[in-house]
J.: 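I have a structure I would like to understand better, so I am pasting it below and will then ask my questions one at a time.
Start at 1 and go down the list; that is how both ligands and their atoms are numbered. Please read all numbers here as calculations on a predicted model, not as lab measurements. Along the sequence shown, residues are numbered consecutively beginning with 1.
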Amino acid sequence: MALRALTGIKPTGEPHVGNWLGAIKPALALAASYETFYFIADYHALNAVYDAEALRKHTFSIAATYLAFGLDPERSVFYRQSEIPEVFELAWILACFTGKGLMNRAHSYKDSIAKNTEAGKDPDFNINMGLYTYPILMAADILMFSANVVPVGADQKQHVEFARDIAERINHNYKAELFTLPEPRIEEQVKTIVGLDGRKMSKSYDNTIPLFLDEKPLQKRINQIVTNSQEPAEPKDPDQSHIFSLHRLLLSDAEAQALRTKYQAGGMGWGQAKKEYFESLNALLKAPREEYRRLMADPAGLQSILAKGRDRARATASEFLHRIRTTIGIR
Ligand code: ADP
Ligand code: TRP
């Protein structure tokens, strides 16, 4: 039987180049060798997105993005988390086996506490229970579908380890292999894609290159990549250039080497380097951009794709949950 890969995508904003190369592309590549489950983690987004229209829009937008980059909904089970009620029941079961101390150790929760303390506020200021119990819902997402590997960004590694801990605890209690122990999988090479200013590309820093801009605004955005003040004629160090570090992600090793040599030879100005990056990127985004727009213009079509995924996911989930209930004495 093929191993299972599963990951959730939080619909919190406009998708950017960092999301594509850091999450979407590696996830889609896995579909060749794994049985894949991909879902929109809309209920995870609710702990921060309190605007109904924004949540709806981002949910569709993320779904359309994955499809536009080639997710095959026949091959992968592709669904919205909120449409699988069994996941929320499992989350409660898991919560009953999760130490409060484990949740206290979650990085995201600890960061929020630290920020509040630093600002002289109550440590729990603005922290809702959705944030606090976030890792339990995530464990339910993962354990429900017996995922073997979970492709995630480095910031999510701890959450996958929590899922493993909770699973082991329950397996041990009932002396049964109820839950498969998941492994996090972190794409090393593209771990941190830089943004326009050289920090990690992230919507929280407003330094992203959004994926589906028109050509003109895309070019304008690329022109904002920060450079030093070297003249066009001067040789440049590719390893010190944000343009190069973004551009090489689109190239084969041989092409990247050729571009490296070009920077080092001198005669390539920053304007030219940006133009070449724009051209490479735009060529790759052209077809997905059209497909994305087509999908976004047809919400009913998009919903029907997600409904098929929901039916497949629920078939697996309800059978699995039945087994868990029986084991724990609820049925
Ligand atoms: P943002 O930082 O813009 O809020 P998210 O946290 O929503 O982005 O990112 C979703 C996923 O996209 C992350 O888990 C990570 O795998 C990937 N990702 C986002 N930004 C980057 C980046 N700069 N480099 C590599 N991967 C990224
Ligand atoms: N917490 C993940 C993030 O913030 C999203 C997510 C929710 C997820 N459930 C998941 C990822 C299950 C992997 C597996 O990006």
J.: What distance do His242 atom NE2 and Lys274 atom NZ have between them, rounded to the nearest 0.5 Å?
T.: 10.0 Å
J.: How many angstroms lie between CD1 in Ile166 and CD1 in Ile142, if you round to the nearest 0.5 Å?
T.: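 Going from CD1 on Ile166 over to CD1 on Ile142, the span is 9.0 Å.
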J.: Which residue holds the protein heavy atom closest to atom 4 (O) of ligand 2, what is that atom called, and what is the gap in Å?
T.: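 The protein heavy atom lying closest is Tyr134 OH, 2.9 Å.
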J.: At less than 4.0 angstrom from any non-hydrogen atom of Val150, what atoms of ligand 2 do you find?
T.: 13 (C), 14 (C)
J.: Which option out of Gly195, Pro15, Gly22 puts a heavy atom nearest to atom 26 (N) of ligand 1?
T.: Gly22
J.: Within 45 degrees of the ring normal and closer than 6.0 Å to the centroid, is that where the cationic atom of Arg310 sits relative to Tyr79?
T.: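 No, Arg310 does not lie over the aromatic ring of Tyr79.
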J.: Any non-hydrogen side-chain atom of Phe320 less than 4.5 Å from a side-chain atom of Leu143?
T.: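 No. Closest side-chain heavy atoms not under 4.5 Å.
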J.: Could you list which atoms of ligand 1 come closer than 4.0 Å to a heavy atom of Gly153?
T.: 14 (O), 16 (O)
J.: Quick one: which ligand 1 atoms are inside 4.0 Å of a heavy atom on Met201?
T.: 20 (N), 21 (C), 22 (C), 23 (N)
J.: How close does the nearest protein non-hydrogen atom get to atom 5 (C) of ligand 2, and which residue and atom is it?
T.: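 The answer is Gly8 O, 3.5 Å.
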J.: Is ligand 2 under 4.0 Å from a heavy atom in the side chain of Ile142, in the backbone, in both, or in neither?
T.: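 Within the 4.0 Å criterion, Ile142 contacts ligand 2 through side-chain atoms alone.
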J.: List in chain and number order the residues that pass side-chain contact (heavy atoms from CB on, under 4.5 Å) with Asp214, two or more places apart in sequence or in another chain; answer none if no residue qualifies.
T.: Pro217, Arg293
J.: Of the side chain and backbone of Gln156, name the one, both, or neither that has a heavy atom under 4.0 Å from an atom of ligand 1.
T.: neither
J.: Parallel, tilted or perpendicular: which one describes the rings of Phe244 and Tyr263, with boundaries at 30° and 60°?
T.: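 Answer is perpendicular, since the angle exceeds 60°.
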J.: Output yes when the distance from some N or O of ligand 1 to some N or O of Ser204 is under 3.5 Å, and no in every other case.
T.: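 For ligand 1, there is no N or O atom that lies under 3.5 Å from one belonging to Ser204.
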J.: Would you check the N or O atoms of Gln81, main chain and side chain alike, for any that come under 3.5 Å of an N or O of ligand 2?
T.: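 Checking ligand 2 against Gln81, no N or O pair falls under 3.5 Å apart.
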J.: Distance to 0.1 Å, residue and atom name: give those for the protein heavy atom nearest to atom 2 (C) of ligand 2.
T.: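 Answer for atom 2 (C) of ligand 2: Gln156 OE1, 3.3 Å.
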J.: Could you tell me which residues satisfy side-chain contact (heavy atoms from CB on, under 4.5 Å) with Lys115, sequence neighbours excluded, listed by chain and number?
T.: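 If we apply the side-chain contact (heavy atoms from CB on, under 4.5 Å) test to Lys115, skipping adjacent residues, there are no hits.
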J.: Look at atom 7 (C) of ligand 2 and say which protein heavy atom is nearest, naming residue and atom and giving the distance to 0.1 Å.
T.: His44 ND1, 3.2 Å
J.: Just to be sure I read this right, does ligand 2 sit under 4.0 Å from the backbone of Phe39, its side chain, both, or neither, counting only heavy atoms?
T.: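 Contact part for Phe39 vs ligand 2: side chain (C-beta onward).
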J.: Among all protein non-hydrogen atoms, which one is nearest to atom 9 (N) of ligand 2, and what is the separation to 0.1 Å?
T.: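 In this structure, atom 9 (N) of ligand 2 has Asp141 OD2, 2.7 Å as its nearest protein heavy atom.
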J.: Side chain or backbone, does Val152 bring an N or O within less than 3.5 Å of an N or O on ligand 1?
T.: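 Such a contact does not occur with ligand 1.
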J.: Parallel under 30°, tilted from 30 to 60°, perpendicular over 60°: which one fits the rings of Tyr43 and Phe88?
T.: perpendicular
J.: Report the part of Asp155 in contact with ligand 2, treating N, CA, C, O as backbone and CB onward as side chain, heavy atoms under 4.0 Å; options are side chain, backbone, both, neither.
T.: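 Contact part for Asp155 vs ligand 2: neither.
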J.: What part of Thr192, side chain, backbone, both or neither, has a heavy atom within less than 4.0 angstrom of ligand 1?
T.: backbone
J.: Just going by heavy-atom distances, which of Ser202, Pro11, Ala23 is nearest to atom 11 (C) of ligand 1?
T.: Ala23
J.: Taking NZ, NE, NH1 and NH2 as the nitrogens, is one of them in Arg314 or Glu86 under 4.0 Å from a carboxylate oxygen of the other?
T.: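 A salt bridge is present here (some side-chain N lies under 4.0 Å from a carboxylate O).
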J.: Give the atoms of ligand 2, by number and element, whose distance to some non-hydrogen atom of Lys10 is under 4.0 Å.
T.: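 Heavy-atom distances to Lys10 below 4.0 Å select 4 (O).
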J.: Can you find a side-chain donor-acceptor pair between Gln264 and Thr261 that sits under 3.5 Å?
T.: no
J.: For atom 7 (O) of ligand 1, which candidate among Arg199, Lys203, His58, Lys10 holds the nearest heavy atom?
T.: Lys203
J.: Quick check: Phe60 with Tyr292 (ring centres under 6.0 Å apart)?
T.: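 Between Tyr292 and Phe60, the centre distance exceeds or equals 6.0 Å.
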J.: Are a donor atom and an acceptor atom from the side chains of His44 and Gln81 found within less than 3.5 Å of each other?
T.: yes
